[in-house]
Amino acid sequence: MSFVTIVVALIIERFTTRVEQLRNFSWLPRYARAVRARAEGFGLGGTAALAVAVALPVVAVGLVFALLGEVWGGVLGLLLGLGVLLLCLGPRNLDREVDAYLEAGALKDPEREARHAAHVLGDRPVPENPEERARAVLESLLSESNTRLFAVLFWFMVLGPVGAVLYRLAHLLRAPTAAGEAEEDAFQQAATRLQALLDWIPARLVALGYALTGSFDRAYPVLRAGLRGPLAEMATQNQRLLKEAGGEAILLSEADLSDPLQARATVERASNLVFRTLVAFVAVLALLSIAGVAG
């Protein structure tokens with residue numbers, strides 16, 4: 001069932017924007033503050049508070065599927081799983097945002113280009129220099145594809161809807177729970193470590209996908225080096241691996257970002273690489289499903 005659910009979710013995600021409007025997680029900071037306050041009342045630290053904040057929704061989702069998953073011969077479980085997966089992707093469609101950025105550049109509309117670049121970069125600042133901006137968008141595309149898409153699909157495939165919810169919660173709970181917070185506190189640091197741990201396997205599978213669908217000779221050494229590293233730097237290492245492996249897979253050079261036209265073509269090459277990796281992922285999942293390894 002997971003293969004069918006993933007394919008349907010990817011089709012819906014690609015051809016409609018309606019689902020993005022439903023991904024409203026404005027309630028999550030209030031929920032996190034409430035859990036943290038209660039945890040602090042019991043003398044629990046940031047890691048324990050995060051465990052509680054993650055466990056409550058994950059257990060609730062697990063119970064719902066345990067009770068309703070087999071209703072109507074499993075059809076209800078399939079529909080609920082599709083809904084959960086769609087809500088956990090994104091939250092914004094990266095491919096659509098990159099296309100909008102490229103279109104704005106082709107139309108020579110700097111203001112619109114910067115606005116769409118901000119959507120791709122998320123909470124990172126948008127460089128004013130066009131070359132630096134193109135590099136930032138390129139690197140964000142190669143790394144954010146894991147956060148917004150591949151890691152969610154991987155954990156959905158491994159643990160079902162519970163896995164998708166677990167990953168998205170780890171990612172969202174890294175954000176400050178109150179306005180004005182400049183540095184990560186113990187709760188956010190625990191969320192960062194949890195996401196880094198959940199990212200470790202998908203990031204390396206995505207880097208392998210970049211190598212297989214791009215220049216294997218250039219990308220494979222980066223992937224091999226990325227198998228080692230200190231646990232304390234796991235989050236940084238995951239991001240660096242995806243950026244460097246993807247850059248090598250598309251044969252990136254400094255000249256590729258030297259002028260706006262060439263830079264747009266390079267970003268488009270990276271977007272095509274991500275799409276080819278997604279196609280390879282679905283093909284492997286189909287083979288596993290046929291073999292009976294994946295549902």
Side-chain angles (χ1 to χ4, degrees), residues 2-3 5-7 9-10 13-14 19-20 23 25 28 50 54 57-58 61 81-82 84-95 97-98 120-124 139-175 188 190-213 222-223 226-227 229 231 233-246 249 270-271 273-285 288 294:
S2 61
F3 172 70
T5 304
I6 286 174
V7 170
L10 290 175
E13 179 74 3
R14 186 167 184 83
V19 181
E20 289 186 18
R23 295 173 185 148
F25 299 104
L28 196 60
L50 175 74
V54 170
V58 166
V61 170
L82 176 62
V84 169
L85 179 57
L86 284 170
L87 288 177
C88 290
L89 292 174
R92 297 176 66 96
N93 185 296
L94 184 62
D95 181 63
E97 290 180 339
V98 170
V120 176
L121 297 178
D123 56 359
R124 290 175 288 258
E139 292 180 345
S140 185
L141 166 62
L142 294 170
S143 60
E144 281 290 307
S145 63
N146 182 63
T147 304
R148 300 195 197 188
L149 181 62
F150 289 110
V152 180
L153 297 178
F154 173 82
W155 288 110
F156 182 87
M157 182 179 66
V158 173
L159 298 177
V162 167
V165 171
L166 172 64
Y167 181 81
R168 186 51 65 209
L169 281 173
H171 170 250
L172 292 173
L173 289 172
R174 293 176 55 189
Q188 293 169 262
T192 298
R193 289 194 298 271
L194 176 58
Q195 186 188 354
L197 183 63
L198 294 172
D199 270 334
W200 198 92
I201 296 176
R204 277 138 192 86
L205 291 177
V206 172
L208 177 61
Y210 289 164
L212 292 174
T213 60
V222 177
L223 172 61
L227 295 176
L231 294 177
E233 299 177 5
M234 188 182 296
T236 302
Q237 186 184 24
N238 291 337
Q239 296 292 310
R240 184 169 61 245
L241 170 65
L242 291 165
K243 294 173 183 177
E244 293 181 357
S271 181
L273 176 73
V274 172
F275 180 73
R276 291 196 302 270
T277 301
L278 177 60
V279 172
F281 173 88
V282 174
V284 170
L285 183 56
L288 292 175

**OP:** Would you mind listing every salt bridge (charged side-chain N to carboxylate O under 4.0 Å, His left out) that reaches into residues 148-162, with sequence neighbours excluded?
**Re:**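 Those involving residues 148-162 are E97-R148, E144-R148.
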Original post:
Tell me, which pairs form a salt bridge (charged side-chain N to carboxylate O under 4.0 Å, His left out) where one or both residues lie in residues 152-170, sequence neighbours left out?
Top reply: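 Every pair satisfying salt bridge (charged side-chain N to carboxylate O under 4.0 Å, His left out) with a residue in residues 152-170: there are none.
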I need the minimum non-hydrogen distance between [X] and [Y], along with the two atoms involved.
X	Y	value
L86	A9	CD2-O, 3.6 Å
A207	L241	CB-CG, 4.0 Å
A280	T213	CB-CG2, 4.2 Å
L169	V54	CD1-O, 3.9 Å
V206	T277	O-CG2, 4.2 Å
T192	A235	CG2-CB, 4.2 Å

How long is the gap from [atom1] on [X] to [atom2] on [Y], to the nearest 0.5 Å?
X	Y	atom1	atom2	answer
L173	L28	CG	CG	4.5 Å
S145	L278	OG	CG	9.5 Å
L149	F281	CG	CZ	8.0 Å
Y210	R276	OH	CZ	11.0 Å

Original post:
Stepwise, does the side chain to side chain contact (heavy atoms under 4.5 Å, CB included) test hold for L153 with V282?
Top reply: CA-CA 10 Å; L153 297 178; V282 174; over 6 Å; no
With sequence neighbours excluded, what pairs up with [X] under the side chain to side chain donor-acceptor pair (under 3.5 Å) test?
X	result
R124	S140
T147	none
Q239	S143
E20	R96

**OP:** For the pair R23 (side chain) and L89 (backbone), establish whether a donor and an acceptor sit closer than 3.5 Å, ignoring hydrogens and angles.
**Re:**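 At least one qualifying donor-acceptor pair exists.
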**OP:** Please answer whether the main-chain N or O of W200 pairs with a side-chain N or O of R204 as donor and acceptor at a distance below 3.5 Å.
**Re:**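 Yes, R204 side chain to W200 backbone: donor-acceptor pair under 3.5 Å.
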**OP:** Could you tell me which residues satisfy salt bridge (charged side-chain N to carboxylate O under 4.0 Å, His left out) with R14, sequence neighbours excluded, listed by chain and number?
**Re:**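 Counting only residues at least two positions away or on another chain, R14 forms a salt bridge (charged side-chain N to carboxylate O under 4.0 Å, His left out) with D95.
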Subject >> Pairs where residues 154-167 contributes a residue and the test side-chain hydrogen bond (donor to acceptor under 3.5 Å, both in side chains) is met, not counting sequence neighbours >> reply: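 As it turns out, the side-chain hydrogen bond (donor to acceptor under 3.5 Å, both in side chains) pairs with a partner in residues 154-167, which skip direct neighbours, are Y167-Q195, Y167-D199.
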**OP:** Report, as yes or no, whether the 6.0 Å neighbourhood of atom CZ on F25 holds more than 12 heavy atoms from other residues, nucleotides or ligands.
**Re:**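 Check passes, neighbour count above 12.
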Under the side chain to side chain contact (heavy atoms under 4.5 Å, CB included) rule, collect the residues that match up with [X], sequence neighbours excluded.
X	result
L205	F154, I201
L208	L212, L223
V162	V58, V61
E244	V222, R240

Original post:
Does the side chain to side chain contact (heavy atoms under 4.5 Å, CB included) test come out yes or no for L198 and L166, once each step is laid out?
Top reply: CA-CA 9 Å; L198 294 172; L166 172 64; 4.0 Å; yes
Subject >> Close side-chain approach of F150 to V274, heavy-atom, < 4.5 Å >> reply: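 The answer is yes; the side chains approach within 4.5 Å.
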